[in-house]
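Below, read A as the first sequence line, B as the second, and so on, with proteins coming before strands; counting in each chain starts at 1. All heavy atoms count here, side chains included; hydrogens, waters and symmetry mates do not. Since we're looking at a predicted model, the values are computed, not measured.
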2 protein chains.
Amino acid sequence: MSDSKSESNTLVKGGSIRAKNKQRILQAAEQEFAKHGYKGTSVQAIADSVQLPKANILYYFKSKTGLYKALLTDILEMWNEGFSADGDEKPPSDVIRDYIIEKMRYSRSHPLRSKIFAMEIIQGAPNIRDVIEQPMIEWSKHKSNIIQEWVDDGVIGKINPLYLLFLIWGSTQFYADFDREIELIQGRPLSDDEYSEAEKFTVDIVLKGLGLS
Amino acid sequence: MSDSKSESNTLVKGGSIRAKNKQRILQAAEQEFAKHGYKGTSVQAIADSVQLPKANILYYFKSKTGLYKALLTDILEMWNEGFSADGDEKPPSDVIRDYIIEKMRYSRSHPLRSKIFAMEIIQGAPNIRDVIEQPMIEWSKHKSNIIQEWVDDGVIGKINPLYLLFLIWGSTQFYADFDREIELIQGRPLSDDEYSEAEKFTVDIVLKGLGLS
DNA sequence: GTCTATACAGAGATAGAC
DNA sequence: GTCTATCTCTGTATAGAC
């Protein structure tokens with residue numbers, strides 16, 4: 001309408017067209033960035049996908065980098081949310097099982113986000129080092145401390161907690177990041193049942209490998 | 001001995017400036033493509049790196065895509081070379097151990113190649129699907145057949161060979177592709193000793209997880 | 001065979017009409 | 001607040017001088 005002036009940068013809520021558009025843009029950006037990488041994605045392609053003018057997107061997010069950072073911040077938040085449940089009272093085997101399953105489910109439900117994150121890390125996190133550096137360090141320290149306690153208590157053998165984390169991360173993220181390779185090899189994507197089997201297999205190997213089952 | 005070279009995708013005219021330049025270009029391309037992805041890498045950047053005119057590179061390799069494909073073909077050949085030794089006589093535990101160690105060593109010595117390959121797969125292999133499709137299918141079929149025999153013979157439990165391969169691939173490639181993440185978390189890269197520990201850890205978990213040790 | 005100069009397409013970003 | 005038109009830069013690729 002003709003409100004000549006409005007609160008420009010206060011928090012945006014439900015009804016506004018702006019908020020809805022931003023959500024749609026982020027969703028389209030997720031697809032494009034995952035398919036073509038940061039540099040390989042053009043703002044125009046995202047604009048076409050959501051059928052909005054290119055300038056509109058740049059107006060909302062200031063720049064292509066701004067959009068990309070916003071997306072990666074979203075991804076990182078969901079990431080940390082998802083895996084923040086710490087083994088309070090649960091026995092180690094349950095904590096590890098739940099963690100692996102959680103990561104596998106995330107790979108299943110959000111492969112694009114995993115891919116974007118993976119490519120960013122592979123390239124040395126040139127765009128978002130400042131955003132992810134601290135959270136990632138703290139969070140991995142936290143997790144490895146928990147594992148270290150198990151080692152100190154003699155519940156599991158003398159291992160370096162980091163290598164266990166790396167094994168879990170690598171083997172679970174594989175299902176998201178390399179799903180195309182799996183599809184290529186199998187001739188088709190994994191079914192839900194097969195995916196459950198893969199979950200179970202990964203849990204079994206790790207637990208048995210640690211002497212926990 | 002002398003200059004008999006095992007160059008793959010070009011006919012070699014011994015000792016020519018052209019051949020040497022092509023090698024230098026491929027090496028520089030490896031660095032650039034790993035750092036910025038396919039689209040994010042400019043021919044100019046590669047030219048600057050090897051201190052040759054941009055047109056020279058395009059003359060040698062026809063196009064940017066031509067250079068990229070040449071590089072990926074090289075990578076794929078080394079990949080298959082490296083892991084083609086099939087232990088028909090060796091016991092399963094040795095085969096698996098050797099395989100994991102081989103993959104870990106490859107991640108250690110050729111992280112850039114692993115990264116380029118990873119990014120290409122993550123994006124759905126848009127550039128080289130025709131090059132990698134058949135070899136990858138055949139080779140993984142071959143490997144999983146070997147594992148399936150162990151299952152049939154009762155040497156290891158009833159598992160889907162593919163999931164074992166995925167676990168090994170994911171957990172070993174992690175050390176190459178995400179070395180920056182490891183460096184971030186640790187504050188420094190893994191030392192040779194730490195890397196050996198990681199190798200040993202991964203082998204132990206997998207073998208014990210399979211009931212082979 | 002090698003490199004300089006340039007053509008041409010497409011990128012991100014912005015000014016200004018609506 | 002939104003979008004059309006445009007500016008400028010950088011990319012790939014090539015034509016033609018050496």
Using atom CG of B:Leu52 as one end and atom P of C:dT4 as the other, report the distance to the nearest whole Å. 11 Å
How many Å lie between CD1 on A:Ile57 and C1' on C:dA11, as a whole number? 14 Å
Is it true that B:Lys54 and B:Asp48 have a side-chain N and a carboxylate O under 4.0 angstrom from each other? no
Has A:Asn56 got a side-chain N or O lying under 4.0 Å from the OP1 or OP2 atom of D:dT2? no
Upstream residue (5' side of DNA chain D) when A:Lys54 and B:Lys62 are each assigned their closest nucleotide: A:Lys54
Are A:Gln123 and B:Met119 packed together at the side-chain level, in the sense that at least one heavy-atom pair is separated by less than 4.5 angstrom? yes
To the nearest Å, how far apart are A:Gln44 CD and D:dT4 P? 11 Å
Would you mind classifying the nucleic acid contact of A:Phe61 as base, sugar-phosphate or nothing, using non-hydrogen atoms under 4.0 angstrom? nothing
Hey, does the side-chain of B:Lys64 have a donor or acceptor N/O within less than 3.5 Å of a partner on the base of D:dG11? no
Counting only side-chain heavy atoms from C-beta out, which of D:dA13, C:dA11, D:dC3 sits nearest to A:Ser42? C:dA11
Nearest-nucleotide pick for A:Ala55, side chain only, options being D:dT4, D:dG11, D:dT2: D:dT4
Taking CG from A:Asn21 and C1' from D:dC3, how many angstroms apart are they, rounded to a whole number? 12 Å
Using only side-chain N and O atoms of A:Tyr60, determine if any of them is under 4.0 Å from OP1 or OP2 of D:dG1. no
Check whether any side-chain heavy atom of B:Arg108 lies under 4.5 Å from a side-chain heavy atom of B:Glu199, and answer yes or no. no
Expressed as a whole number of angstroms, how long is the span from B:Lys20:NZ to C:dT2:P? 13 Å
Under 4.0 angstrom, heavy atoms only, what part of the nucleic acid is B:Thr41 near: base, sugar-phosphate, or nothing? sugar-phosphate
Rounded off to whole Å, could you give me the CD1-to-P distance for the A:Ile46 and C:dA13 pair? 11 Å
B:Leu58 CG to C:dA7 P, straight-line distance once rounded to whole Å: 18 Å
Separation of atom OH in A:Tyr59 from atom P in C:dT14, rounded to whole Å: 14 Å
Quick one: does A:Glu30's side chain get under 4.5 Å of A:Arg113's, heavy atoms only? yes
Of the listed nucleotides (D:dT2, C:dT2, C:dG12), which one gets closest to any side-chain atom of B:Arg18? C:dT2
Heavy-atom check, side chain of B:Tyr38 versus side chain of B:Lys64, under 4.5 Å: yes
